[in-house]
Trainee: 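Could you have a look at this structure, given as structure tokens, before my questions?
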2 protein chains.
Amino acid sequence: MSATPTVRRRGEALEAAIYDAVWAELAEVGYAGLTIGAVADRARTSKAVLYRRWPGRAELVFAALVQHVPKAADVPDTGDLRSDLVTFLRSIAANWATRSIDALWGLLAETARDPALAALVRSELADQVREGPMTVMVERAVRRGEVDPAVVSPRMLRVPLDLVRSELLLNGAITGTAVEEIVDDVFLPLVRPRTV
Amino acid sequence: MSATPTVRRRGEALEAAIYDAVWAELAEVGYAGLTIGAVADRARTSKAVLYRRWPGRAELVFAALVQHVPKAADVPDTGDLRSDLVTFLRSIAANWATRSIDALWGLLAETARDPALAALVRSELADQVREGPMTVMVERAVRRGEVDPAVVSPRMLRVPLDLVRSELLLNGAITGTAVEEIVDDVFLPLVRPRTV
DNA sequence: GAAATAAGAAACGCAACGTCTCTTAGGGAG
DNA sequence: CTCCCTAAGAGACGTTGCGTTTCTTATTTC
């Protein structure tokens, strides 16, 4: 029998395989159904390897999730705030919809028991807003005169992403029209300079 | 020894005790830490009684949660939309903050595996908006001329609760100022009649 | 008062947890 | 090239909670 080649991966290669396995498991069974054993099997490694790196399921999933967070680098720049926003929110919706969002709910449910995890998840979410894509897009728009700098506040910047998240929560998915409603009926009317 | 009196509750009395037990467990250990056995013990009943009524943890928690949903009946009516909203959102924040919100995340995490549960949770959330408190308060405000009926849409009605939920998600709690920001900086500017 | 119904106690096999031990592959130092 | 040390991978372990089942007995209903 041609037995398993027993090639042992280490470091980054191994961790990449683990993250892939988590991502795939999330897609198949969701956060609630994800088990450490299944991840280990899928990544062709053993549970011990996982426990050496992360204390438990929550931290493992969180680490895998962070790998897929949109970076401020790939923010659309079309020269028009509306299309920037629509493009960006649509891509968020597509990426987060099936997997991340479910994982995010699962993680949040565990934060009640684990303050350290709570801090971790919340600081990540906060970063998404602080130095994140929204700031970049809106600052560009301010420079173009599309946005009244006086009404731009941290709260304001959070509104679109908050609404997208809630939409995902309510529907499990988010349509193109929902994104446009959020942009055209809520966000833009709020930040556009009054009395044109 | 004065052994346990072995008084057997049935029907509503029993179910009320179970809901109370779920509520208390949620407060102590959160959704992720809640076990069927612990609920049974706390309610001084047995697991079999619970499984006779609900298929599993998710449905049990959901049922307990529904008991605590604010009814349209007890919506504030101060004669002023702003104070109605602030009062209402504050009470939501207080009730939901510690328990329900965590349970809600947990339930949502399980919807990925259980479409029936997903439908259940989502229809409940949708009802909260459709015939819910927001509709009542805003309709009153329309009659008083405080709100422009033209801009009131289902999307618009969702905005305040969506933002409160997201705030709870990010912070684990919601401050009075956050509620006021949502009302004064986001919702009211959107629905107030233009050009006073 | 008898019969039907459901509460409550307890034991079951199962699945996943998180820990541990042991063997051995791979990479670094000399 | 060889030795050594670190960590990968396999698997067994006891524990916990699941969801089911069986049985006794309190309560309701007729």
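Model, not experiment: these values are computed from the prediction. Chain letters run A, B, ... following the sequence lines, proteins first, then strands; residues in each count from 1. Reckoned from all heavy atoms, side chains included, excluding hydrogens, waters and symmetry mates.
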Trainee: Considering all heavy atoms of both residues, which atom of B:L117 and which atom of B:L107 are nearest to each other, and what is their separation?
Mentor: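 For B:L117 and B:L107, the tightest heavy-atom pair comes out as CD2-O, 3.9 Å.
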Trainee: Which heavy atom in B:L34 sits nearest to a heavy atom in B:V22, and how many Å separate them?
Mentor: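 What the structure gives for the nearest pair is CD1-O, 4.0 Å.
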Trainee: When you get a sec, tell me which of C:dC20, C:dT19, D:dC18 is the closest nucleotide to the side chain of A:K47?
Mentor: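 For A:K47, the side-chain atoms sit closest to C:dT19.
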Trainee: Taking the cut-offs as 6.0 angstrom to the six-membered ring centre and 45 degrees off its axis, would you call A:R57 and A:Y31 a cation-pi pair?
Mentor: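 Yes, a cation-pi geometry.
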Trainee: Heavy-atom nearest nucleotide on DNA chain D for B:A48 versus A:S46: which residue maps closer to 5'?
Mentor: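 The 5'-side residue here is A:S46.
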Trainee: With each end axis built from five pairs of C1' atoms, what bend angle do you get for the helix from C:dG1-D:dC30 to C:dA25-D:dT6? Round to 10°.
Mentor: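 Comparing the axis at each end, I get an angle of 20°.
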Trainee: Could you tell me how far apart A:L60 (CG) and C:dA16 (P) are, to the nearest whole angstrom?
Mentor: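 For the pair A:L60 CG and C:dA16 P, the rounded distance is 16 Å.
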Trainee: In whole angstrom, give the distance that lies between atom CZ of A:R42 and atom C1' of C:dA16.
Mentor: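 Computing the A:R42:CZ to C:dA16:C1' distance gives 17 Å.
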Trainee: Would you tabulate the nitrogen or oxygen pairs shorter than 3.5 Å linking the protein to nucleotides 3-6 of chain C?
Mentor:
from, atom 1, to, atom 2, distance (Å)
C:dT5, O2, B:R10, NH2, 3.4
C:dA6, O4', B:R10, NH1, 3.4

Trainee: Determine yes or no for a side-chain-to-main-chain donor-acceptor pair under 3.5 angstrom, with A:R144 supplying the side chain and A:G79 the backbone.
Mentor: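 Answer holds: yes.
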Trainee: Grab the CH2-P distance between A:W54 and C:dT19 for me, whole Å please.
Mentor: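 Rounded to whole Å, this separation is 15 Å.
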Trainee: For A:E59 and A:D114, work out which heavy atoms get closest and say how close.
Mentor: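 Taking every non-hydrogen atom into account, OE2-OD2, 3.3 Å.
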Trainee: Please name the pair of heavy atoms, one in A:W105 and one in B:A109, separated by the smallest distance, quoted to 0.1 Å.
Mentor: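 Minimum heavy-atom contact is CB-N, 3.8 Å.
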Trainee: Without decimals, in angstroms, what is the distance between A:L50 CG and C:dT19 C1'?
Mentor: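 It works out to 14 Å between those atoms.
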Trainee: Among C:dC17, C:dA10, D:dG9, find the nucleotide with the atom closest to the side chain of A:Y51.
Mentor: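 In terms of side-chain proximity for A:Y51, the closest of C:dC17, C:dA10, D:dG9 is C:dC17.
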Trainee: Round to the nearest Å and state the distance from B:E110 atom CD to D:dC18 atom C1'.
Mentor: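 From B:E110 CD to D:dC18 C1': 12 Å.
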Trainee: Are A:R42 and A:E28 within salt-bridge range, i.e. N to O under 4.0 Å?
Mentor: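 Answer for the salt bridge query: yes.
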Trainee: Should the pair A:R155-B:E180 be classified as a salt bridge under the 4.0 Å nitrogen-to-oxygen rule?
Mentor: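 Here A:R155 does not pair with B:E180 in a salt bridge, since their nearest N and O are not under 4.0 Å apart.
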Trainee: With the side chain of B:I36 defined as its heavy atoms from C-beta on, choose the nearest nucleotide among D:dC18, D:dA8, C:dA9.
Mentor: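 Looking only at heavy atoms from C-beta outward on B:I36, the closest nucleotide is D:dC18.
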Trainee: Do the side chains of B:R140 and B:E146 get close enough for a salt bridge, i.e. N-O under 4.0 angstrom?
Mentor: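 No, this pair does not count.
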